[in-house]
Amino acid sequence: MAEVGIFVGTVYGNALLVAEEAETVLKGQGHEVKLFEEGTLEAWQYYRHHFVLIVTSTTGQGDLPDSIAPLYTAIRDTVGYQPELRYGVIALGDISYDHFCGGGHKLDDLLQEQGASRIGEMLEIDAMETAEPETVAVPWVEKWGQLLK
Ligand SMILES: Cc1cc2nc3c(=O)[nH]c(=O)nc-3n(C[C@H](O)[C@H](O)[C@H](O)COP(=O)(O)O)c2cc1C
């Protein structure tokens with residue numbers, strides 16, 4: 001079984017609910033999981049050698065929430081190349097905004113530039129379509145968790 005660090009970016013708590021649900025699903029599959037509401041570079045440096053699941057909403061105009069933006073900057077400025085990293089992204093957004101799920105895409109773009117491998121496709125959850133993002137996430141997380149080897 002795998003060790004998974006879940007890194008959360010949220011403003012109003014929806015992404016945290018999704019992350020907590022993901023934690024439950026992954027633990028149910030036998031993985032060792034830790035959830036970080038304000039993830040630090042130190043935690044990232046540990047989990048980049050295991051597995052990372054990013055669960056983040058979008059704020060402003062395609063921006064990352066303050067709870068994860070400092071981590072983004074630290075990864076960009078100090079980590080650089082990280083080809084060993086295997087990760088997944090669950091992005092929350094609202095289709096009525098110009099940069100749909102921009103926060104998740106911003107982090108995904110950075111990690112791709114840094115040589116990391118995404119496991120599976122990014123899950124985009126549209127707040128216009130569902131009032132219960134955690135329910136939408138469960139089947140995706142179940143599949144994602146099975147890919148961790
Ligand atoms: C001020 C504000 C700006 C937002 N900007 C975007 C955006 O640029 N792109 C997007 O897809 N969603 C945007 N959203 C929608 C949120 O990402 C979405 O409602 C999400 O579910 C909120 O999750 P959270 O509670 O974890 O922050 C915005 C919401 C607010 C209130």
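Order of appearance sets the numbers: ligands from 1, and atoms from 1 within every ligand. Quick note: residue numbers are just sequence positions, from 1.
- Looking at Q29 and E142, their side chains come closer than 4.5 Å, going by heavy atoms from C-beta outward.
- Rounded to the nearest 0.5 Å, atoms CD (Q114) and CD (E84) are 10.0 Å apart.
- Each of I90 and Y12 belongs to its own hydrophobic cluster when Ile, Leu, Val, Met, Phe, Trp and Tyr are linked at side-chain heavy-atom distances under 4.5 angstrom.
- Interface atoms of ligand 1 facing F100, defined by a heavy-atom separation under 4.0 Å, are 11 (O).
- Looking from atom 19 (O) of ligand 1 to the surrounding protein, the closest heavy atom is A127 CB, 3.8 Å.
- Between the CD1 atom of I119 and the NZ atom of K149 there is a distance of 10.0 Å, given to the nearest 0.5 Å.
- For the atom pair OG (S57) and CG (D63), the distance works out to 10.5 Å, reported to the nearest 0.5 Å.
- For ligand 1, the atoms sitting less than 4.0 Å from at least one non-hydrogen atom of C101 are 10 (C), 11 (O), numbered in the order shown with element in parentheses.
- For Y12, a nitrogen or oxygen atom sits less than 3.5 Å from a nitrogen or oxygen atom of ligand 1, counting backbone and side chain alike.
- Distances shorter than 4.0 angstrom do not occur between any heavy atom of P65 and any atom of ligand 1.
- At least one N or O atom of V11 sits closer than 3.5 Å to an N or O atom of ligand 1.
- Shortest contact from atom 8 (O) of ligand 1 to any protein heavy atom: G62 N, 2.8 Å.
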Quiz prompt | Stepwise ring pair (Phe, Tyr, Trp, His ring centres under 6.0 Å) test for F36 and Y47 | solution = CA-CA 11 Å; F36 299 93; Y47 281 98; 5.7 Å; yes
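- W44 has its side chain within reach of Q82: a pair of non-hydrogen atoms, C-beta onward, lies under 4.5 Å apart.
- Numbered from 1 in the order shown, with element, the atoms of ligand 1 that lie under 4.0 Å from a heavy atom of H99 read 7 (C), 8 (O), 9 (N), 10 (C), 11 (O).
- Closest to atom 20 (C) of ligand 1 among all protein heavy atoms lies S57 CB, 3.9 Å.
- By the 4.5 Å heavy-atom criterion applied to side chains, L123 and V89 are not counted as neighbours.
- In this view, E121 and R118 satisfy the salt bridge (Lys or Arg N to Asp or Glu O under 4.0 Å) rule, not counting sequence neighbours.
- Annotation: atom 5 (N) of ligand 1 to nearest protein heavy atom, G60 O, 2.9 Å.
- Looking at V18, D94, T58, it is T58 that brings a heavy atom closest to atom 7 (C) of ligand 1.
- If you number the atoms of ligand 1 from 1 as listed, the ones under 4.0 Å from a heavy atom of Q61 come out as 8 (O).
- Of the protein's heavy atoms, Y97 OH, 3.4 Å lies nearest to atom 29 (C) of ligand 1.
- With no hydrogens or angles considered, a side-chain donor-acceptor pair links H105 and E124 at under 3.5 Å.
- The protein heavy atom nearest to atom 26 (O) of ligand 1 is T10 OG1, 2.6 Å.
- Taking any N or O of G9, backbone or side chain, none lies under 3.5 Å from an N or O belonging to ligand 1.
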